[in-house]
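Scroll down for the structure; my scribbles are underneath it.
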Number of protein chains: 2
Amino acid sequence: MDDSTGSRAKATAGGRRYHHGDLRRALLETAEAMLREDPSWQFTLREVARRAGVSHTAPYNHFEDKAALLAELALMGFDRLREACLAAMPGPGAELRAEYLAVARAYVSFGVENPGLYRLMFSQEAGAAVHENPRSRAAFGVMLEMLERGQREGLLRKRRVRSQAAACWAEVHGITMLTMDGLFRRETVGRKALDEALETLLEGLEP
Amino acid sequence: MDDSTGSRAKATAGGRRYHHGDLRRALLETAEAMLREDPSWQFTLREVARRAGVSHTAPYNHFEDKAALLAELALMGFDRLREACLAAMPGPGAELRAEYLAVARAYVSFGVENPGLYRLMFSQEAGAAVHENPRSRAAFGVMLEMLERGQREGLLRKRRVRSQAAACWAEVHGITMLTMDGLFRRETVGRKALDEALETLLEGLEP
DNA sequence: CTCCAATGTAGACAACGGCAACATAGGGCG
DNA sequence: CGCCCTATGTTGCCGTTGTCTACATTGGAG
């Protein structure tokens, strides 16, 4: 599982090579895989390098820092979160209500299915730079745009869109975190709690 | 600031003593102080011990683990969060609406004023044991009881209380986290965004 | 072909979490 | 009173980590 991983290396078809070919990507993928296998894993650069089959200092040719790798990983997470939300959006003819629920469910699902990655995305270790990066803002743009459209079409209560978007965003983020922490389990909080919580907020948004 | 800290030591009034007197409490207080001074501080047991004026292994007489100290610190945070929410509650004659806003604001304020501690409370490092502890559940009980009362008095839409509580809790938790991450700043999201977001949810709760 | 920049390796360092062995205190017991 | 036992603290050590410096190996530009 060493060089057969990517095989999208740029070099010729030679056998084992001294240079990895695309170590940067390999490191990110390895780290994400380890995070998925054990969400509570205490991130160690050396272990990533080990598993990627390189020496423990090789990563420093591609990342300034351990924190830099974490940050890039977090940004990849935001990209994928955005894609997941966009993919869940029904066609352009759908009702706002259905669209809202679909996006919100997709958001929470992403977090619950990638707890390690999701936690990293909002952790301190990723660094403040992540949260100021357009790539993370873009993930929230999905919901913001949806609400903007809804208000333009008069489907939402007249109020600052950004406030409403903030409320939605906080709601899904909060639900996601609490679910991951095991505080939002079915047994604890009811079976359809997620949908009911989402609808409660939705009814506050509607006129 | 060594032995004048607590002075609630059990021993006689002798001068400097070999035994600390109440090292356990001192360690927790020191750790919390360091967390407050630098919310992004990477917790190190040795540094806590150093600052508390003891050797780097002394903490092991009072805590199983680094994680155990973190966990106790997190539980203390939940205690204080609960107290802050209770303290913010107006008298028993107040309207539910005012009560809800007061508690929610107190909750968010606590997080924003103690970002390091708040983050720890919900971090992986604190361990799952924290979130299953009654002391952390009690903090959320404040909001839960408030909503239960509201529903009993018919001030809330008929719906599973636990779902509504979950929605509220997720909302305030989400707002708190996003504010701490700098994603909920006034410039970004509007001046009264917090209140508007809270009211948006409130209107979804009311009949 | 030659040389150079990019990339990867080896070794060292300080700091960390945690263990083991030892030191000190202070109270219960004769 | 003196002894000793347990709780508490200290020193020293180990393996691991992040990161620095020095060196090795490439593959492509000239």
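Within every chain, numbering begins at 1; the chains are lettered A, B, ... in the order of the sequence lines, protein sequences first and strands thereafter. Predicted model only: the values in this text are computed from it and were never measured.
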Is a donor from one side chain sitting under 3.5 angstrom from an acceptor on the other, for Q164(A) and E196(B)? no
Check ring pair (Phe, Tyr, Trp, His ring centres under 6.0 Å) between [X] and all other residues, then give those that pass, not counting sequence neighbours.
{"X": "F122(A)", "answer": "F78(A), Y118(A), H173(A)"}
{"X": "F43(A)", "answer": "W41(A)"}
{"X": "F63(A)", "answer": "none"}

[atom1] of [X] versus [atom2] of [N]: gap in Å, rounded?
{"X": "E125(A)", "N": "dT17(D)", "atom1": "CD", "atom2": "P", "answer": "15 Å"}
{"X": "N61(A)", "N": "dT21(D)", "atom1": "CG", "atom2": "P", "answer": "14 Å"}
{"X": "Q42(A)", "N": "dG18(D)", "atom1": "CD", "atom2": "P", "answer": "11 Å"}
{"X": "R24(A)", "N": "dA6(C)", "atom1": "CZ", "atom2": "P", "answer": "15 Å"}

Please identify each residue that fulfils side chain to side chain contact (heavy atoms under 4.5 Å, CB included) with R97(A), with sequence neighbours left out. E95(A), E199(A), L202(A), E203(A), E206(A)
Mind checking what makes side chain to side chain donor-acceptor pair (under 3.5 Å) contact with S40(A), not counting sequence neighbours? D38(A)
Give me, pair by pair, the N or O atoms of the protein and of nucleotides 17-19 of chain C that are less than 3.5 Å apart, along with how far apart they are.
unit_1	atom_1	unit_2	atom_2	d
dG17(C)	OP1	L45(B)	N	2.9
dG17(C)	OP1	K66(B)	NZ	3.4
dG17(C)	OP2	L45(B)	N	3.2
dG17(C)	OP2	R46(B)	N	3.1
dG17(C)	N7	R46(B)	NH1	2.3
dG17(C)	O6	R46(B)	NH1	3.2
dG18(C)	OP1	D65(B)	OD1	3.1
dG18(C)	OP2	Y60(B)	OH	2.9
dG18(C)	OP2	K66(B)	N	3.1
dG18(C)	O5'	Y60(B)	OH	3.4
dG18(C)	O6	R46(B)	NH1	3.4
dG18(C)	O6	H56(B)	NE2	3.2

Taking 4.0 Å as the cut-off, does a side-chain nitrogen or oxygen of R50(A) come that near to OP1 or OP2 on dT9(C)? no
